Structures are given as C-alpha cells and as structure tokens.
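To keep things clear, I will list the structure first and then write my remarks on it.
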Amino acid sequence: MNMTLLEELYEAIVDGDDDLAVELTRKGLDDGIQPITLIDDAMIPAMTEAGRRFETEEYFVPELLVAGRAIKAGLEILRPLLSAGDLHHAGRVVIGTVQGDLHDIGKNLVAVMFEGAGFDVIDMGTDVSPAEVVAAIEEHNPDLVALSALLTTTMLSMQAIIEAIDTAGLRDDVRVLVGGAPMNEERAKEFGADAYADNANAAVRTALELVAAA
Ligand code: B12
C-alpha cells in the first residue's frame, strides 16, 4: 500500500515509534508540508486514536506512553519553526496542568500552539498547586493563565487555583483560560474562569481575543 507521509506519521505515532516520528516530521517539512498540517492532520488524530484504543483496552498504559513520547518528539522538531514564524509579541501566558493531574500531552500541544501564535510561554508543568500559580503570576506578570485538567477529580483544582489568584488580589491582572476533556463552558464559568476552549486551535483564538479585550 502506498501511504502518504501524513498517514505514515500518524501510524508512527500510534505505534509509538519516536525515531520514525522524528524522521517523518523532518521529511514532511523538507517536502514543504506546513507544521500546522503535520500537527492537525497527523499528530492530533494519532493521539486521539491511541486514546480511543486505550479506552477500548486494545492499548494499555505503556502503549499510550510511547505514543505520547512519539508525538512529543515530533512536536519538538516543529516548536522552533512555529515560534520563528511570528515575531510579534501576542502576550505572555503561564500554563500548567492542575494539582493532582499528570496528563500533559494536551497541555503541551496548547503550549506549542501558543508559542506558534507569538505568545511568550512559561510552562509550569504538571501537578501545579494554587500557590505555585500565584507565585508564577507574581514572578512573570502574564496576560493570561491557562489551566489544563483531564480528570473529573482534578478539575476542582482549577476552582481552587482561581480562588487563590483572587485571594492574592491578582484576579483583575490576568485572564484565565481553561481546558481539558472534563471541562466545558458551564464549568468554566462556575469555576470563575474567563473562558473555555475545547482544542488547541480554539485555545489560541480565544487567548488572542481575551488579550485583545483586556
Ligand atoms: C494519555 C492518557 C493518560 C496518560 C497520560 C500521559 C501524559 N504524559 O499526559 C497516563 C497513562 C499517565 C494516564 C494516567 C491516568 N489516567 Co489518563 N488518559 C489518557 C487519555 C487516553 C488521553 C489523554 C490525551 O493525552 N489526549 C490527547 C490530547 C491531545 O487531548 P487532550 O488532553 O484532551 O487535550 C486537548 C483538549 O482537551 C484541549 N486542552 C487540553 N488542555 C487544555 C488547556 C487549555 C488552557 C485549553 C484552552 C485547552 C486544553 O486541547 C488539547 C488539544 O486539542 C485519556 C482519554 C482520552 N481519550 O482523553 C485518559 C483519561 C483522561 N485518563 C483517565 C484516568 C482515570 C487516568 C488515571 C486515574 C488512571 C489510573 N487509574 O491510574 C491516571 C491518572 C494519573 C494522574 N494523576 O494524572 C480518565 C479520566 C476519567 C475522568 N473523567 O476523570 C480518561 C478520560 C480515560 C478514561 N476514559 O477512563 N492517562
């Protein structure tokens, strides 16, 4: 069968072959494929498929982790290109996965897309406590705080973080954007966030709107 490069890259990530994912990402760029096309048409669908297989128990944690490692390896190749494209400064964002939560594939994707849109990104990592977020705002003075949660239990940490920002007297200084599988518009509002976005593209669009409106 004659597969296109995007299909091959998709397969490499689903199979968790990080060396091949890197090779195909480089080859795709050499062939003139846009970084965003590699992300939208191969990487995200591949991770979605790996997630689906996990849910249907075709995949277990090790397969999922190697798929995550493969997408990360490919994204690392694209990161400097996405950032180099836009020299304008869209604003500064601190981003992290909330306390108790170790899922970072979606958060990393959103962070890379922010960089691509010209944001200055400070990544706090995973399992971020309210105190760490408050400290990051004090240190970096961002326009935007972006929070990710993938568990119905940990999404409550979002609310705790937003309350801590408020208690520290910083709530009027930053816009708060939230996302992750268990989140939706309604919960975002209930937790006191300014906005919700359900994917990395929408995250960038919404972030730009929030910063422009501020
Ligand atoms: C990969 C994965 C893991 C990996 C994580 C590896 C890593 N480094 O991230 C591992 C194996 C470690 C893992 C562990 C666990 N997991 Co898990 N995991 C997943 C899985 C299959 C895929 C998540 C993923 O990466 N998706 C791909 C990315 C690209 O999508 P995404 O994260 O949704 O992000 C997109 C959007 O949500 C949005 N977004 C994300 N963040 C943000 C932030 C902002 C600001 C914005 C605007 C948007 C945004 O944009 C992203 C790109 O479009 C999901 C199931 C699923 N299909 O979602 C379960 C899932 C999230 N896990 C689940 C569970 C239960 C667990 C464990 C508790 C399992 C266990 N019993 O040990 C542990 C918890 C560990 C912990 N404390 O965090 C459940 C959660 C159930 C629930 N509703 O609470 C799920 C839904 C699976 C299931 N159906 O049971 N998991």
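What you see is a predicted model; the values in this text were computed from it and never measured. Counting starts at 1 for both ligands and their atoms, in listed order.
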For [atom], state whether the nearest protein heavy atom is under 4.0 Å away.
{"atom": "atom 22 (C) of ligand 1", "value": "no"}
{"atom": "atom 77 (N) of ligand 1", "value": "yes"}
{"atom": "atom 64 (C) of ligand 1", "value": "yes"}
{"atom": "atom 67 (C) of ligand 1", "value": "no"}
{"atom": "atom 72 (O) of ligand 1", "value": "no"}
{"atom": "atom 80 (C) of ligand 1", "value": "yes"}

Taking [atom] as the reference point, the nearest protein heavy atom with its distance:
{"atom": "atom 11 (C) of ligand 1", "value": "V61 CG1, 3.7 Å"}
{"atom": "atom 25 (O) of ligand 1", "value": "I105 CB, 3.4 Å"}
{"atom": "atom 8 (N) of ligand 1", "value": "D104 OD1, 2.8 Å"}
{"atom": "atom 6 (C) of ligand 1", "value": "L65 CD2, 3.9 Å"}
{"atom": "atom 87 (C) of ligand 1", "value": "E55 OE2, 4.1 Å"}
{"atom": "atom 46 (C) of ligand 1", "value": "G179 CA, 3.5 Å"}

Are L210 and V94 linked, directly or through intermediate hydrophobic residues, by side-chain heavy-atom contacts shorter than 4.5 Å (ILVMFWY only)? no
Quick one: closest heavy-atom pair of V211 and F119, and the distance? CG2-CE2, 4.0 Å
Work out which heavy atom in A12 is nearest to a heavy atom in A21; give both atom names and the distance. CB-N, 4.0 Å
Any side-chain heavy atom of [X] sitting closer than 4.5 Å to one from [Y]?
{"X": "I122", "Y": "V93", "value": "no"}
{"X": "L24", "Y": "L6", "value": "no"}
{"X": "S148", "Y": "T97", "value": "yes"}
{"X": "E63", "Y": "R53", "value": "no"}
{"X": "I44", "Y": "L109", "value": "yes"}
{"X": "L75", "Y": "M43", "value": "yes"}
{"X": "I95", "Y": "M124", "value": "no"}

For A200 and ligand 1, does the shortest N/O to N/O distance drop below 3.5 Å? yes
Atom indices of ligand 1, in the order listed, that fall short of 4.0 Å to a heavy atom of [X]:
{"X": "G180", "answer": "37 (O), 39 (N), 40 (C), 41 (N), 42 (C), 49 (C)"}
{"X": "A203", "answer": "47 (C)"}
{"X": "S148", "answer": "40 (C), 41 (N), 42 (C), 43 (C)"}
{"X": "D198", "answer": "36 (C), 38 (C)"}
{"X": "D101", "answer": "78 (O)"}
{"X": "G51", "answer": "21 (C)"}
{"X": "T152", "answer": "82 (C), 83 (N), 84 (O)"}
{"X": "M47", "answer": "27 (C)"}

So for L177, does at least one of its heavy atoms come nearer than 4.0 angstrom to any atom of ligand 1? yes
With a 4.0 Å cut-off on heavy atoms, does A181 reach ligand 1? yes
Under 4.0 Å from ligand 1, counting heavy atoms only, is it the side chain of [X], its backbone, both or neither?
{"X": "I95", "answer": "neither"}
{"X": "N199", "answer": "both"}
{"X": "P182", "answer": "neither"}
{"X": "L147", "answer": "backbone"}
{"X": "L109", "answer": "side chain"}

Euclidean distance, [Y] [atom2] relative to [X] [atom1], rounded to 0.5 Å:
{"X": "L170", "Y": "I137", "atom1": "CG", "atom2": "CD1", "result": "5.5 Å"}
{"X": "R171", "Y": "I165", "atom1": "CZ", "atom2": "CD1", "result": "6.5 Å"}
{"X": "Y10", "Y": "E49", "atom1": "OH", "atom2": "CD", "result": "4.0 Å"}

D143 vs R92, test: salt bridge (charged side-chain N to carboxylate O under 4.0 Å, His left out). Steps then yes/no. CA-CA 5 Å; D143 303 287; R92 179 173 296 163; over 6 Å; no
Below 4.0 angstrom, N of the basic side chain to O of the carboxylate: do [X] and [Y] qualify?
{"X": "D18", "Y": "K72", "value": "no"}
{"X": "R175", "Y": "D194", "value": "yes"}
{"X": "E23", "Y": "K27", "value": "no"}
{"X": "R26", "Y": "D30", "value": "no"}

So which protein N/O/S atoms does atom 17 (Co) of ligand 1 have within less than 2.8 Å? H103 NE2
Would you please say whether a donor-acceptor pair under 3.5 Å links the side chains of E132 and S129? yes
Can you tell which of A193, G106, A202 gets a heavy atom nearest to atom 51 (C) of ligand 1? G106
Test of understanding: with salt bridge (charged side-chain N to carboxylate O under 4.0 Å, His left out), list the residues that count as partners of E58, not counting sequence neighbours. R52
